[in-house]
*Asks:* 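Below you will find the structure I want to go over with you.
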Amino acid sequence: MELPVLLLSNGVLMPEAKMRIPVRSKFNLEMLDRFVVNRGMAQGKTMILIAYREDKDVYPYATVASVEQVTCWQYNAHTQYTLHVVGVSRAKIEAFKHPTCTVKFLVDIHGDVSSEIETAFLENCNRMLVYLSRENTEAAYRLQKLLKEKRLDSLSDAVMSHLNAIPNSTLLTFLSTVDVPKRVDQANAELDKMFKNIPLAGVQIEDLIPVKGTRRITPGNRTHLGQKRSEEDELERKLDEAQLPDTVKERVLQDYEKLKKMGTNSQESHVLRSYLELVASLPWNKSTTDQIDISIARKALEDSHEGMKSVKTRVLEFLAVRKLSDAVGGPILCFSGPPGIGKTSVARAIATALGRKFERISLGGIRDESDIRGHRRTYVGAMHGRIIQAIRHAGSKNPLILLDEVDKLYAGVSGSPSAALLEVLDPEQNFSFVDHYLNLPFDLSNVLFIATANDTSNIEPPLLDRMELIEMTGYSTHEKLRIVENHIIPRQLPRHGLSDDCIEFEMAGLQHIVNGYTKEAGVRQLERCVAALCRHAALRVAEVMNGDCTADTFSDLELPVIVDIALVEKVLGIPKFSHFDLVTQMKAFRPGVCFGLAWTPFGGELMLIETSGVKGKGEVSMTGKLGDVLKESVSVARSWLRANVERYKLEFSEEMDIHVHLPAGAIGKDGPSAGCALVLALFSLVAGRNVRNDTAVTGEISLSGSVLPVGGIKEKVIGAHRAGLRRVTLPASNRNHFEEIEDGVRREIDVVFVETIDELLTAMMEPHSLGYLAKL
Ligand SMILES: Nc1ncnc2c1ncn2[C@@H]1O[C@H](COP(=O)(O)OP(=O)(O)OP(=O)(O)O)[C@@H](O)[C@H]1O
C-alpha cells in the first residue's frame, strides 16, 4: 500500500495511541502540504505513515496513522502546523521513498501468555491506571476499558505509549514485535522497572478491575483512585439521603452513572460532579412545620416593632388565614415604602412567627433572567439562579423568601428577570419551577414569598398584579424617638458589651440626634448614630476598667456615660441638619413663593416653589428638571389665573414673562400634585401678596378651579412634620388618607381640606401681606 510519509526523530506512535506532532521539517511540511492540508475535508480521514529516523537511517517498521486534526497558526510570518494523529496499525516499510512509500500492514500473532505473567501484567496495568488517572483521564479511561476486556495486545501497546523515559530504541523494538506474548513480556518488564522504586501498597485497584490472586489492601492507605471511589460513595450517599422525587430520580441516577465512568480530572467530570452535589444538597423533601400561634405572633411583632398598627394587623390577618386554610398559594405580600422603615425586619418577624427559615434575595440591579433562573449547563462557569440558591441555603423547601427591592429589576439584553419572577410567583406554575442549570423541576409551591419595594410605580404591571401591597410610611420624630428608646438602644447596648449602668441616653440628646443628624423616613442612620455613641461609651468603660486616667480625660472617666447634647456633638461632630434650614427658607418668602410637598421613594419632602415675573413677551420658562406632567400643571395654573383675573381684580399683564423654578435642580420632579402650589405661587406673584410660610400644600388642580386628590398623602404630611411645619392644606378628597396617619403627627398638624382653588387661596394667602405689589 502506498502512503504519504511523515518522518519522526523522537517518539513512537503505538497502535490505538494518540499523538500530537508539530510539523517543522521541510520534508514533512511538503508531505503535509500535498497530502493533508490541501486535500479537503470531504474525503474522510487521511491515512499516513509515521516512519522513524534511527541514527541516519529510517527504521524499517513504522506506524500507519489516521490524521484526526490539523491545527495551524501564524508565528513570525510563518505558518506552523500540528498534526493530531491516532495509531492504526503496525507496518513494515517495503521501500522507503519520499513523499510516499509502499508499506505492508502487520498483523499480531496471538500466542499463549502464562497465567502468572498475565496476572502480574494486569496488576501492573492497574498500577499504571492509578498513575494515569491523576494526569490523563481520557487515557486512564481507555486503559480501564482495555483492562476490563483483558485485551493483552492492546494493553501492552497502551502502557508502553504512556511510559516515560524509555529510550526510543526500546520503543522501536517493541513496535516491531508482532508476537503478543513477547510484547506482554516486554511491557511487563518495563512496568516492573518503573514500579520497583514506587511502593503502591494500599491501592484499591482491585475494586476497579478484579485480577486473579491480587492481595487485599488496607483502607488506611488511600491513593487517588481510592479517593475517587470514596468521593463517589459519598456522593451516592448524599443522593440517597436527598430523597429525590420519582420525577427526577431516574435522570439524576443516569448522570451519576455517567460521572462514575469518567476520570476524576476532566473538566467535564468536575462540572457534572458539582451539578450532582447541588442536586444532592437541595431539600427535595425537607420542610419545616408551620407553628402559627396568633397570640405569640402578635407579641413577637409588638416586641420587635414600634407602631405600624395597620401593617401588624394585616400581617396577623395573613397568618390567621394561613392557619385556618391548608391551601398553598395565597396572596404574595409586598411591603412598599421608603428605606429603613422595617420592611425587611417585619418579614423576618413573620418567618420567626411561622417557624420558617428566612432567606433574602436582593433583586436590586438584576438585569438577567439567568440571575433568577440560572444559566444553562452548557455555559462555561454556569451557575444556578438565586431562587435555587436561597432554597439550598435554607435547607428546607418551604422557607420564607424575601424578594428585596422588586422595583429595581431591569430588563437587560438577556431576557427579562421579571418574566422569570412571574413564573416563580405563579401558583399555577411554580410547583414545577425549572432552573436552567438544575434542569429538573423543583416544587416552589410551599415557599412563602414576600416582596419589598421603595417605589411601586417601577414594578412591572403583571408582577404588581400578583402582589398585595402593604404600604408602610416613614416615621415622625415622635415615632423615631420611641423606636430609638424601645428598640434601637436595647439592641445596640449588648452588641457593644454595654449594660444600662454604663450609658444613659438623655431625651434631649436623642432629639438632637434625630433632628440634627438624620433626615430620613426610616431609622437606619439613627441606628448608626446610636452605634457610634455606644462605641464611644465602650471605650470609656474599657478605660475605667483599666484605670487609665489622665488629667485630660479625668472628668470623662465616670460612669454611666451620659449622652446629652454636648456628648452627641462631641462624638458625631457638628449637626448636619438644623431647624435653621426651614427658618432660612421661610425668610425667603416673598410674593411668588410657597411650600409644596413632594413624594420621593425616600419619603415625603418639603419643596420650595419659586416664581418670578418680568415684563417681556408673555413667555413661561421652567427650570429645576421638571417632568412633562409638572410642566402641564404650570400651564393649567397660568390659564386658571388668566381666566380669573377679573374676579380677583388682579393686574395681570399678558406681556409678563414668568419663570417657575423648583430648587434642587439636579433632582427630577414630576406629577400633577404640585398644581395647588403652582397656582398659589403664581397668584401670589401677580397679586403681590405673600403665601403663608407656615403651611405646605399638595393637590392637583383643574382648569375649572377644582382641587383634586393626589397620592402619597401620608408620606408628604409626615415629611412636612419632619421638616418642622405644623400646618398643611390638602385636597378634601384625601381626608381618608390623612386619617390613616398615626395619632402623634395628626394631633400636632393643623390641616385644612379644600375643594376649590378659591378655598385654597383663602386658606393659604396671608391676609395682610406686606409684600410688594408686582405692578408691571
Ligand atoms: N417600627 C420599628 N420598630 C423597631 N425597629 C424598627 C422599626 N422600623 C425599622 N426598625 C429597624 O430599622 C432597621 C432597618 O429596617 P429594615 O432593614 O427592615 O428596613 P427596610 O425597610 O427593609 O429598608 P430597605 O428598603 O432599605 O431594605 C432594622 O434594624 C429594623 O429593626
*Asks:* For L278, is there any backbone N or O sitting under 3.5 Å from a side-chain donor or acceptor partner on S281?
*Replies:*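 Yes.
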*Asks:* Just wondering, do N285 and L244 contact through their side chains at under 4.5 Å, heavy atoms?
*Replies:*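 Of all side-chain heavy-atom pairs linking N285 with L244, none is under 4.5 Å.
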*Asks:* Taking the side chain as C-beta and beyond, is there a heavy-atom pair between T518 and V523 under 4.5 Å?
*Replies:*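 No; the side chains remain at least 4.5 Å from each other.
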*Asks:* Would you please name every residue forming a salt bridge (Lys or Arg N to Asp or Glu O under 4.0 Å) with E317, sequence neighbours left out?
*Replies:* R314
*Asks:* What class does the angle between the rings of Y437 and Y275 fall in, given that below 30° is parallel, 30 to 60° is tilted and above 60° is perpendicular?
*Replies:*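 Aromatic pair Y437/Y275 classed perpendicular.
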*Asks:* Can you label the angle between the H478 ring and the H721 ring as parallel, tilted or perpendicular, going by 30° and 60°?
*Replies:*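 Because their plane-to-plane angle lies in the 30° to 60° range, the rings of H478 and H721 count as tilted.
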*Asks:* Quick test of your reading of the model: are R726 and D694 salt-bridged, counting only N-O distances below 4.0 Å?
*Replies:*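 The answer is no: the pair does not qualify as a salt bridge.
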*Asks:* Has the side chain of D443 got a donor or acceptor atom that lies under 3.5 Å from a matching backbone atom of S445?
*Replies:* yes
*Asks:* If we ignore angles and hydrogens, is there a donor and acceptor under 3.5 Å between the side chains of N454 and K408?
*Replies:* yes
*Asks:* Examine the side chains of R392 and Q389 and answer whether a donor and an acceptor come within less than 3.5 Å of each other.
*Replies:* no
*Asks:* Salt bridge check: are R373 and E423 linked by an N-O gap of less than 4.0 Å?
*Replies:* yes
*Asks:* Taking only Lys NZ, Arg NE, NH1 and NH2, and the carboxylate oxygens of Asp or Glu, determine whether K716 and E605 approach each other closer than 4.0 Å.
*Replies:*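 Result for this pair is no, no salt bridge flagged.
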*Asks:* Decide yes or no for I503 and P560: does some side-chain heavy atom of the first lie under 4.5 Å from some side-chain heavy atom of the second?
*Replies:* no
